[in-house]
Colleague: 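For reference, the structure I am asking about is given below.
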Amino acid sequence: MATKLSGFPEFLPRERIVEQQVLDHLRRTFELHGFANIETRAVEPLDVLLRKGEIDKEVYAVKRLAAADTEPAELALHYDLTVPFARYVLENAGKLDFPFRRWQIQKVWRGERPQQGRFREFTQADIDIVARDVLPSHFDVEVARVMAEALAGLPIPTPTFQISNRKILEGFYLGLGVADPTAVMQVVDKLDKVPAEKIRVLLVEQGLEERQADSVLALAEIVTTDTSFVQRVEALGVEHEMLTEGLAELAQVIEGASGVDGVVVTADLRIARGLDYYTGTVFETRLAGWEHLGSICSGGRYDELAQDRKGTYPGVGISLGVSRLLVPLELSASRSVPSVVLVAVGDEESRADSDAVARRLRARGIATEVAPKAAKFGRQIQFAEKRGIPYVWFPPSSVKDIRSGDQVDADPDVWTPPTIDLTPNILTKTESLKETNS
RNA sequence: GUGGGUGUAGCUCAGCUGGUAGAGCACCGCCUUGUGGUGGCGGUGGUCGCGGGUUCGAGUCCCGUCACUCACCCCA
């Protein structure tokens with residue numbers, strides 16, 4: 001009996017076609033910008049995963065079945081691609097060329113309870129850039145820009161990048177005289193769920209004066225689509241060296257990442273991010289109309305994640321939740337198979353003729369399959385229609401577009417379908433409903 | 001991990017205070033011996049999530065359990 005496992009999504013062929021096209025597009029975009037690919041193993045030593053990220057992160061431990069019950073698990077499935085990447089950089093530092101830019105698309109695993117857009121096994125698409133000792137801030141701009149371009153090319157609702165910089169928050173809090181900036185950040189991070197009034201109470205409970213709490217909230221309210229946030233922060237009258245540095249960096253990122261068609265870029269000073277390894281720029285991304293999914297694409301600058309006795313490798317990266325994006329949107333494809341053409345079979349004696357037609361079409365890159373049995377032609381057309389195959393070829397030399405009903409004489413060595421039919425097309429949910437109703 | 005909801009055909013669901021397991025869609029066949037439709041007729045398909053209890057009798061009531069799902073938490 002087949003059992004559906006919650007949080008471990010599996011696609012039908014049509015949905016998988018969509019996923020593959022999305023992954024192809026991401027890869028193409030990343031490589032267009034010169035990012036190299038690596039794949040890291042699925043498991044990491046448990047202590048590597050627990051040391052770098054959150055201790056309370058739900059991690060799947062991995063243990064041999066034959067291991068003694070008393071033997072503790074030493075390996076665990078990775079829950080993101082950033083921490084394994086940092087480990088990989090340290091391990092191969094002598095063989096990598098810096099600054100090192102890489103893309104990586106792999107499954108990751110988390111033990112959290114599944115919900116819409118939230119899985120236990122899911123695919124992430126990451127780009128990261130690391131350097132030795134120093135990583136100039138123009139690389140923060142670059143990862144934002146590349147990911148914006150990648151998202152802009154996908155059949156999804158408009159994404160909004162919400163970009164901030166931890167130095168702004170921390171510098172501002174220090175300038176205000178707040179004792180524990182990190183604790184304040186964690187409270188402010190809840191602003192999208194908890195009303196401002198309640199946040200204010202929480203801040204005062206943290207030991208902030210009313211005046212400080214008001215300033216903290218005033219900073220968090222600042223959202224701009226250009227660099228005018230700088231003036232608005234300065235107008236709050238708080239000064240600190242780190243704040244100034246953060247403002248300059250964020251202005252650079254906002255300016256550099258804007259201007260990609262189909263993507264909104266905002267400086268959003270609410271964004272703090274829970275993970276503690278971020279040290280500067282932080283990214284989150286929301287989809288218009290799908291805000292309840294949370295961020296579909298997040299990341300930031302981590303200056304100290306990868307370091308050993310020999311040195312430190314500052315990095316900046318951004319991670320797209322491919323599964324979070326695809327599963328809720330319920331995108332489908334115009335067909336469930338790659339085939340552009342189904343070659344009909346008149347009778348089993350002439351199957352070889354049909355095979356010959358198929359071979360000639362395939363020789364020119366046209367995905368083709370031959371009908372499984374010599375049923376009535378009406379049945380063979382229905383076979384194609386059910387799978388979304390747009391053309392049926394009747395040997396020796398007639399091809400029918402079964403969507404329009406148009407049938408023409410054609411030579412299998414010459415006939416070419418329109419480019420748009422060469423690969424399956426992605427349909428949004430409403431488009432696929434329209435298709436089945438027509 | 002905490003709390004709510006739901007489990008009946010491939011899918012969507014109905015099944016009253018307990019009395020022979022149902023519909024629509026899908027699928028297969030025929031009417032229609034070779035180019036898709038519609039209509040009609042016929043057919044396949046169910047350990048009613050699982051285990052126990054009450055009862056002459058349980059899809060229905062009770063207990064347990066599992067799964068799915070939603071919210072919290074957290075996050076891609």
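A, B, ... follow the sequence lines: proteins, then strands. Residue 1 opens every chain. Please read all numbers here as calculations on a predicted model, not as lab measurements.
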Colleague: For A:Asp126 and A:Gln104, does a side-chain donor sit closer than 3.5 Å to a side-chain acceptor?
Modeller: no
Colleague: Mark up nucleotides 33-45 of chain B, 5' to 3', with B wherever a protein heavy atom is under 4.0 angstrom from a base atom, S wherever such an atom reaches only the sugar-phosphate, and - elsewhere.
Modeller: -BBBS--------
Colleague: Which nucleotide, in any strand shown, forms a Watson-Crick or G-U wobble pair with B:C30, with both distances under 3.5 Å?
Modeller: B:G40
Colleague: Salt bridge or not between A:Arg101 and A:Glu142? Use side-chain N to carboxylate O under 4.0 Å.
Modeller: yes
Colleague: Tell me the partner of B:G5, counting only Watson-Crick (N1-N3 plus N6-O4 or O6-N4) or G-U wobble (N1-O2 and O6-N3) with both under 3.5 Å; none if nothing fits.
Modeller: B:C68
Colleague: If you go through the side-chain atoms of A:Arg324, does one of them form a donor-acceptor pair with the base of B:C75 closer than 3.5 Å?
Modeller: yes
Colleague: Indicate, with yes or no, if the rings of A:Phe8 and A:Phe119 have centres closer together than 6.0 Å.
Modeller: no
Colleague: Give a yes-or-no answer on whether the side chains of A:Asp268 and A:Thr266 include a donor-acceptor pair shorter than 3.5 Å.
Modeller: no
Colleague: Starting from the 5' end of RNA chain B, give me the residue, A:Gln115 or A:His292, whose nearest nucleotide shows up first.
Modeller: A:Gln115
Colleague: Roughly how far, to the nearest 0.5 Å, is the CZ atom of A:Arg14 from the CG atom of A:Leu427?
Modeller: 8.0 Å
Colleague: If the P atom of B:U60 is compared with that of B:U8, how far apart are they to the nearest Å?
Modeller: 13 Å
Colleague: On a whole-Å scale, what distance lies between the C1' atoms belonging to B:U17 and B:G57?
Modeller: 16 Å
Colleague: Would you mind telling me which of B:U2, B:C70, B:C75 lies closest to the side-chain atoms of A:Gln116?
Modeller: B:C70
Colleague: Taking pairing as Watson-Crick or G-U wobble with both contacts under 3.5 Å, can you name the mate of B:G57, or confirm there isn't one?
Modeller: none
Colleague: So, does A:Ser6 get its side chain near the phosphate of B:U69, meaning an N or O under 4.0 Å from OP1 or OP2?
Modeller: yes
Colleague: Specify the separation, in whole Å, of atom CH2 of A:Trp109 and atom P of B:C74.
Modeller: 25 Å
Colleague: What about A:Arg113: does its side chain form a donor-acceptor pair under 3.5 Å with the base of B:U2?
Modeller: yes
Colleague: Quote, to the nearest angstrom, the P distance that separates B:C68 from B:C27.
Modeller: 30 Å
Colleague: B:A23 pairs with which nucleotide, Watson-Crick or G-U wobble, both distances below 3.5 Å?
Modeller: B:U12
Colleague: Side chain of A:Lys386, heavy atoms from C-beta onward: which of B:U2, B:C70, B:C27 has the nearest atom to it?
Modeller: B:C27
